[in-house]
Amino acid sequence: MQGEGAEFKLLPEDFYLRDAARVAPELLGKVLVHETGAGRIAGTIVEAEAYLSRDDPGCHAARGKTKRNASMFFRGGRAYVYLIYGMYHCFNVVTGREGEGEAVLIRAAAPLEGVSLMAANRGRRDPRTLCSGPGRLCRAFGIDLALNGCSLREGPLFIAGGEKPSRIAVSPRIGLNRGREKLLRFYAAGSPYISRP
DNA sequence: GGTGGGATTAGCT
DNA sequence: GCTAATCCCACCA
């Protein structure tokens with residue numbers, strides 16, 4: 001690693017072709033990279049939630065395929081981006097086989113590269129809250145609906161390898177009305193960049 | 001330091 | 001019409 005010139009190695013496709021509950025904890029420590037016109041933005045994923053295709057009322061795909069969630073049914077390795085509360089985007093990594101409807105919501109990242117771009121996108125500077133939350137992360141990374149459905153192995157938005165955190169913690173998912181009893185939120189224990197302890 | 005409410009839009013019922 | 005996997009600020013203690 002040499003800071004701004006660091007090389008990133010893409011994850012193999014197989015990584016994504018598994019259950020969301022398996023992929024979610026393994027995404028911790030991986031690096032999310034967005035090559036924008038203004039420069040490269042990168043961060044280490046520290047918090048993720050799994051949304052399952054079966055028996056999961058909290059999952060957007062639970063009530064079938066719609067225009068909005070269509071990209072959630074793609075083959076694993078693509079992005080599912082949607083708008084929430086009219087003003088925030090949420091970024092998900094699609095997992096599993098085509099037609100399955102599983103994904104992992106990326107909730108928080110630790111800033112790694114392009115911190116000044118993130119701060120400009122967000123309109124504030126505190127690095128701890130730059131990407132600590134799904135809506136914040138998307139705004140900091142410049143992720144919007146234009147990236148919905150695109151491959152995470154071809155860029156401009158992609159995920160690269162990284163070091164697994166030493167301690168991974170599990171908890172119920174945040175903000176759900178239904179399906180909140182499942183322990184499908186995974187985060188790097190002790191990281192100051194997660195959205196909630 | 002903790003909390004309550006407003007912002008704002010797509011899609012479902 | 002209402003809900004949705006949210007964020008931020010104003011206001012109170």
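Residue numbers begin at 1 in each chain, while the letters A, B, ... track the order of the sequences.
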Roughly how many Å is it from CZ in Arg196(A) to C1' in dG1(B), rounded to a whole number? 16 Å
Do Val46(A) and Leu27(A) land in one hydrophobic cluster if side-chain heavy atoms of ILVMFWY residues count as linked below 4.5 Å? no
Which pair of non-hydrogen atoms, one from Pro197(A) and one from Arg185(A), has the smallest distance, and what is that distance? O-NH1, 4.0 Å
Rounded to the nearest angstrom, tell me the gap between atom CD1 in Ile174(A) and atom P in dA4(C). 17 Å
Note: Ala50(A) and Asp56(A) closest approach over all heavy atoms is O-OD2, 4.3 Å
Shortest non-hydrogen contact from Ala62(A) toward Pro57(A): CB-CA, 4.2 Å
I need the residues from residues 72-87 of chain A with at least one non-hydrogen atom less than 4.0 Å from DNA chain C; give them sorted by number, or say none. Met72(A), Tyr82(A), Ile84(A), Tyr85(A)
Where is the tightest heavy-atom contact between Ile159(A) and Lys30(A), given as atom of each residue plus distance? CG2-CB, 3.9 Å
When rounded to the nearest Å, what value does the distance between C1' atoms of dC8(C) and dA10(B) take? 22 Å
Under 3.5 Å donor-acceptor pairs involving side-chain atoms of residues 74-81 of chain A, not counting sequence neighbours:
{"from": "Arg75(A)", "atom 1": "NE", "to": "Glu13(A)", "atom 2": "OE2", "distance (Å)": "2.9"}
{"from": "Arg78(A)", "atom 1": "NH1", "to": "Gly149(A)", "atom 2": "O", "distance (Å)": "2.9"}
{"from": "Tyr80(A)", "atom 1": "OH", "to": "His60(A)", "atom 2": "ND1", "distance (Å)": "2.9"}

Rounded distance [0.5 Å steps], OH in Tyr187(A) versus CZ in Arg196(A): 8.5 Å
Rounded to whole angstrom units, what separation is found between the CG atom of Asn92(A) and the C1' atom of dA5(C)? 8 Å
Tell me: CG of Leu145(A) to P of dA10(B), nearest whole Å? 9 Å
From CG of Asp144(A) over to P of dA10(B), roughly how many Å is that when rounded to an integer? 13 Å
Would you tabulate the side-chain donor-acceptor contacts of residues 96-106 of chain A under 3.5 Å, counting partners in other chains and residues two or more places apart, or write 'none'?
{"from": "Glu100(A)", "atom 1": "OE1", "to": "Arg97(A)", "atom 2": "N", "distance (Å)": "3.1"}
{"from": "Glu102(A)", "atom 1": "OE1", "to": "Ala20(A)", "atom 2": "N", "distance (Å)": "2.8"}
{"from": "Glu102(A)", "atom 1": "OE2", "to": "Ser53(A)", "atom 2": "N", "distance (Å)": "3.2"}
{"from": "Glu102(A)", "atom 1": "OE2", "to": "Ser53(A)", "atom 2": "OG", "distance (Å)": "3.3"}

Do the side chains of Glu113(A) and Phe8(A) get nearer than 4.5 Å, heavy atoms only? yes
Under 6.0 Å from the CG atom of Asp55(A), do we count more than 12 heavy atoms belonging to anything else shown? no
Could you tell me whether the side chains of Ser132(A) and Arg128(A) share a donor-acceptor contact shorter than 3.5 Å? no
Short heteroatom pairs, N/O only, protein and nucleotides 7-11 of chain C, under 3.5 Å:
{"from": "dC7(C)", "atom 1": "OP1", "to": "Gly133(A)", "atom 2": "O", "distance (Å)": "3.4"}
{"from": "dC7(C)", "atom 1": "OP1", "to": "Pro134(A)", "atom 2": "N", "distance (Å)": "3.1"}
{"from": "dC7(C)", "atom 1": "OP1", "to": "Gly135(A)", "atom 2": "N", "distance (Å)": "2.8"}
{"from": "dC7(C)", "atom 1": "OP1", "to": "Arg136(A)", "atom 2": "N", "distance (Å)": "3.1"}
{"from": "dC7(C)", "atom 1": "O4'", "to": "Tyr88(A)", "atom 2": "OH", "distance (Å)": "3.1"}
{"from": "dC8(C)", "atom 1": "OP1", "to": "Arg122(A)", "atom 2": "NH1", "distance (Å)": "2.4"}
{"from": "dC8(C)", "atom 1": "OP1", "to": "Arg122(A)", "atom 2": "NH2", "distance (Å)": "3.2"}
{"from": "dC8(C)", "atom 1": "OP2", "to": "Arg136(A)", "atom 2": "NE", "distance (Å)": "2.5"}
{"from": "dC8(C)", "atom 1": "OP2", "to": "Arg136(A)", "atom 2": "NH2", "distance (Å)": "2.7"}
{"from": "dC9(C)", "atom 1": "OP1", "to": "Arg124(A)", "atom 2": "NH1", "distance (Å)": "3.3"}
{"from": "dC9(C)", "atom 1": "OP1", "to": "Arg124(A)", "atom 2": "NH2", "distance (Å)": "2.9"}

If you take any heavy atom closer than 4.0 Å to DNA chain B, which residues from residues 45-68 of chain A end up in contact? Arg63(A), Thr66(A), Arg68(A)
Pairing stems for DNA chain B [at least three consecutive pairs; Watson-Crick or G-U; under 3.5 angstrom]: B:1-7 with C:6-12, B:9-12 with C:1-4
What's the shortest heavy-atom distance between Ser71(A) and Val94(A), and which atoms? O-CG2, 3.3 Å
Give a yes/no answer on whether the side chain of Asn177(A) brings an N or O atom under 4.0 Å of OP1 or OP2 in dA4(C). yes
Is the cationic atom of Arg153(A) (NZ for Lys, CZ for Arg) positioned less than 6.0 Å from the six-membered ring centroid of Phe15(A) and within 45 degrees of its normal? no
